[in-house]
Every structure is written in structure tokens, then in C-alpha cells.
There are 2 protein chains.
Amino acid sequence: MPKKNVSRYVLLGLLDWRPMSGYDIKKIVEFSIRDFWSESYGNIYPTLQKFLTDGLAEKTVERQEGKPDRIVYHITPSGRKELVEWLNESYEQRRIRDEFLVKFLFGHLLPVESNIHLVETYRHSLEERMEWYRKSVAQIKKQGLKNRKDLLEYLALLQGIFVRESKLHWCEEALKALQEHQKD
Amino acid sequence: MPKKNVSRYVLLGLLDWRPMSGYDIKKIVEFSIRDFWSESYGNIYPTLQKFLTDGLAEKTVERQEGKPDRIVYHITPSGRKELVEWLNESYEQRRIRDEFLVKFLFGHLLPVESNIHLVETYRHSLEERMEWYRKSVAQIKKQGLKNRKDLLEYLALLQGIFVRESKLHWCEEALKALQEHQKD
DNA sequence: CGTGTCATGTAATCAGTTACATGATTCA
DNA sequence: TGAATCATGTAACTGATTACATGACACG
């Protein structure tokens with residue numbers, strides 16, 4: 001059976017990219033991978049501390065002028081080993097919870113106008129996020145794909161774009177159908 | 001701030017469709033809405049019991065021959081009222097966690113062949129699920145969309161199809177790119 | 001002078017899964 | 001005779017968020 005506590009491996013994976021602080025990790029989760037992963041400070045900081053006692057990471061303290069100290073975590077060989085072991089395991093899709101689709105699905109209890117409004121708000125947030133994707137792709141095209149890590153990062157981004165485009169397409173279809181229903 | 005414990009409202013929404021047992025609910029979650037919601041017995045049964053004490057649902061016991069009794073829950077007006085209140089609230093996308101994309105993203109630590117295998121397995125599970133979607137759509141086309149509830153259910157299904165199609169398309173692109181990388 | 005950013009941390013709490021128990025019937 | 005389906009339930013656990021605390025600096 002596959003291991004739980006996937007958070008650990010996400011943090012190890014990010015530390016494998018480059019040494020980071022908990023704050024850095026939070027930023028990456030919020031901006032880059034937020035369409036497929038979420039993580040709170042209350043989970044990040046204790047997990048990083050646990051890496052130290054488990055020997056999966058080491059820390060260095062970076063003093064900064066006018067800013068608080070940064071505690072930067074570096075992955076160790078045994079941290080990388082544990083990450084690779086997890087990557088080789090099979091996985092299960094758990095904890096899938098899309099609040100939008102639930103609200104949409106039970107929307108017959110509200111007036112059609114509310115359903116339409118819900119979809120329009122959803123479409124708006126998808127479009128906003130697409131803007132970020134476009135910028136990221138432009139930046140990657142400038143830098144080029146130097147190695148497999150870059151390629152995988154780019155492809156993960158590409159899935160985000162594909163999925164968002166299909167959801168935007170769905171919004172159009174759904175709005176058409178709901179407006180049609182409104183007329184009758 | 002939006003309410004947590006969305007499970008409650010999913011169960012209320014399902015009971016609004018028709019009276020159901022905990023077992024029925026689990027089946028619907030496993031087969032119909034599993035692409036955007038998951039729920040365990042350990043959460044379903046206590047939640048249903050709480051509905052009774054909160055007056056959001058009432059139960060009837062159905063005796064069956066050769067099978068255990070079924071405890072069927074019926075939503076009450078105040079249950080429907082609480083559901084509508086929740087539907088009118090704004091929502092936040094929380095707890096987004098796609099284990100596949102994490103394994104894919106950090107795959108540079110494994111040989112390219114492993115990355116390709118991961119995507120192929122993923123593609124296979126997507127295709128399997130598409131089969132279920134095709135059957136469901138065929139059934140709906142036979143029955144027709146009688147009301148808005150049916151329409152919303154159909155549209156929710158449609159998003160599942162759109163998203164899965166875009167992910168399948170992505171698989172092709174990803175496999176192409178990885179095979180290209182393999183050659184170099 | 002208030003808000004936002006940088007930066008780390010913990011205690012309390014909750015949400016939700018897992019593992020277990022029970023037990024009859026049906027099917028291969 | 002063993003597995004699968006039907007059906008309900010609970011206790012133990014854990015995973016993860018929320019809310020709080022601290023404090024300096026930059027910006028308008």
C-alpha cells in the first residue's frame with residue numbers, strides 16, 4: 001500500500017530543486033503549483049524540523065540586512081534516497097474535492113441566475129490564472145529547456161494550461177445551456 | 001469566510017435528490033462523483049446520525065429479505081434550508097492535491113523510462129474512466145433532460161469528459177516530448 | 001501611521017481516514 | 001469454502017489547518 005503523508009515528499013522534492021526556507025516553499029506552493037498542491041505554514045515548518053532529526057535535510061542560517069534571518073534547508077543524500085523510494089512507489093488518487101462542482105451540481109435549489117453567476121465567477125478565476133500560465137510559458141521559452149527537470153516542469157505547466165482551457169471551453173457550453181434553459 | 005465541513009452539504013445535497021442510506025451515498029461517491037469528491041464510511045455514517053439530532057434529516061428503516069436492514073435518510077425542510085444557505089455562500093478552493101503531478105514533477109530523479117511508464121499508466125486509468133463517462137452520457141441521452149436538476153447533472157458530467165479529454169491529449173504531448181528527450 | 005512583506009514558529013482544534021467488528025446471503 | 005456484496009457502525013489515529021505570537025522594515 002502506498003505511503004501517506006505526501007507532504008513530506010513534496011517538500012523533499014522542492015528541496016531537491018534547490019536549498020530553500022519554509023517561506024520559499026510556501027511561495028512556490030502559492031504561486032507555481034497551487035493548481036495541484038496546497039500546504040500551510042503550520043505543516044511546512046514542523047515538517048522541515050522533522051527532516052533535521054531524521055537526517056533528511058540540514059540547515060544553514062542566512063543573516064540578512066533589514067530582514068529576519070532565513071533558515072535554509074539543504075537536502076541530504078538520505079533525504080534524496082527517501083524521495084526516490086517514494087517516487088518509485090505506486091500512488092492512489094485520494095482526497096479529491098472540488099467545491100465548485102459540488103455547488104454547481106446541487107444548484108437546482110437556487111434560481112438559474114445563480115447558476116449562471118456561479119459559472120461566470122468560475123470562468124473569471126480560470127482566466128485570471130491563465131494569465132499567469134501565459135507569462136510562465138513565455139519565460140520558459142526565453143530560457144529554454146536545459147535538462148529533464150526543466151522539461152518535466154514545463155510539461156506539468158502544460159497540463160495546467162490544457163485543463164484550464166478545457167474548463168473554459170466547458171464554461172461556454174454550460175452558460176449556453178443554462179441560458180437556453182432560462183428561456184423555456 | 002466560507003464554512004468548512006463541506007461533507008455535510010454534499011450529503012445534504014444527495015439526500016435532496018432522493019432519500020438514501022449511507023451505503024447508497026458511498027456508492028454514488030465511488031461511481032458517479034468520484035472525480036471531484038471522496039468520502040469514507042467513517043465520515044458518512046456519523047454525519048448522517050448528526051443530521052437526526054440536528055433535525056436536518058429523518059430516518060426510516062427498510063426491512064429487506066435476505067439482506068440487512070437499510071436505514072434510509074430523508075431530508076427535512078430545515079435540512080434543505082441549511083443546504084440552500086451554504087449554496088449561496090462563496091467558496092474557496094482548498095485541499096487540492098494531485099499525487100500524479102507531484103510524482104511527475106519530481107521525476108527527473110528517476111530514469112526517463114520511469115517517467116514514460118508513469119504517464120502511460122495515468123493515460124490508461126483516464127481511458128478506463130472515459131468508458132464510464134461514455135456509458136453515462138448514452139444513458140442520459142436515452143432518458144432526456146427533464147428538468148434543471150438533470151441538466152446540471154449532465155453538465156457536471158460534461159466537465160469530467162472535457163477535463164479527461166484534455167488530460168489524454170496532454171499525455172500524448174508529454175509522451176512525445178519524453179521520447180524525444182530519450183533519443184538525445 | 002497603517003498596511004504589506006519578510007520570516008519563523010506553536011498550540012489548539014478539526015476533519016477525515018483506517019482499521020476493526022458484526023453477520024447474513026450469494027456466487028464461483 | 002472462500003470471496004464478494006449488502007449494510008451499519010465506532011475508536012483510534014493522523015494529517016493538516018487555523019489562529020495566534022513575535023518583530024523589523026518599507027512604502028505610500
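Every chain is numbered from 1, with letters handed out A, B, ... down the list of sequences. No experiment lies behind these values; they were computed from the predicted model shown.
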Length of the CD-P vector between B:Glu30 and D:dT5, whole Å: 10 Å
A:Trp170-A:Phe104 aromatic ring centre distance below 6.0 Å: yes
Side-chain donor-acceptor contact under 3.5 Å, A:Ser21 with A:Asp24: yes
Any A:Gln64 side-chain N or O less than 4.0 Å from OP1/OP2 of C:dA7: yes
Residues touching DNA chain D, which here means a heavy atom under 4.0 Å, drawn from residues 15-28 of chain B: B:Ser21, B:Gly22, B:Tyr23
Salt bridge (charged side-chain N to carboxylate O under 4.0 Å, His left out) evaluation trace for A:Lys81 with A:Glu85: CA-CA 6 Å; A:Lys81 192 177 154 244; A:Glu85 271 166 25; 3.8 Å; yes
Any side-chain donor near an acceptor of the partner, A:Asp16 and B:His108, under 3.5 Å: yes
Residues forming a ring-ring contact (aromatic ring centres under 6.0 Å, His included) with A:Tyr122, sequence neighbours excluded: A:Phe100
Pairwise 5' ranking along DNA chain C for A:Pro46 and A:Asp69, keeping only the more 5' one: A:Asp69
Nearest listed nucleotide, side chain of A:Gln49, among C:dG23, C:dA7, C:dT10: C:dT10
Sub-6.0 Å ring centroid separation between A:Trp132 and A:Phe31: no
Interatomic distance, B:Lys50 NZ vs D:dT10 C1' [rounded to whole Å]: 17 Å
B:Arg70 CZ to D:dG9 P, straight-line distance once rounded to whole Å: 13 Å
Nucleotides 11-18 of chain C: which of its N/O atoms have a protein N/O under 3.5 Å away?
from, atom 1, to, atom 2, distance (Å)
C:dG16, OP1, A:Arg97, NH1, 2.4
C:dG16, OP2, B:Ser7, OG, 3.4
C:dT17, OP2, B:Ser40, N, 3.3
C:dT17, OP2, B:Ser40, OG, 2.8

Whole angstrom value for the distance that separates P of D:dT10 from CG of B:Leu48: 12 Å
Modelled atom types, side-chain donor and acceptor of B:Ser166 and A:Glu165, under 3.5 Å: no
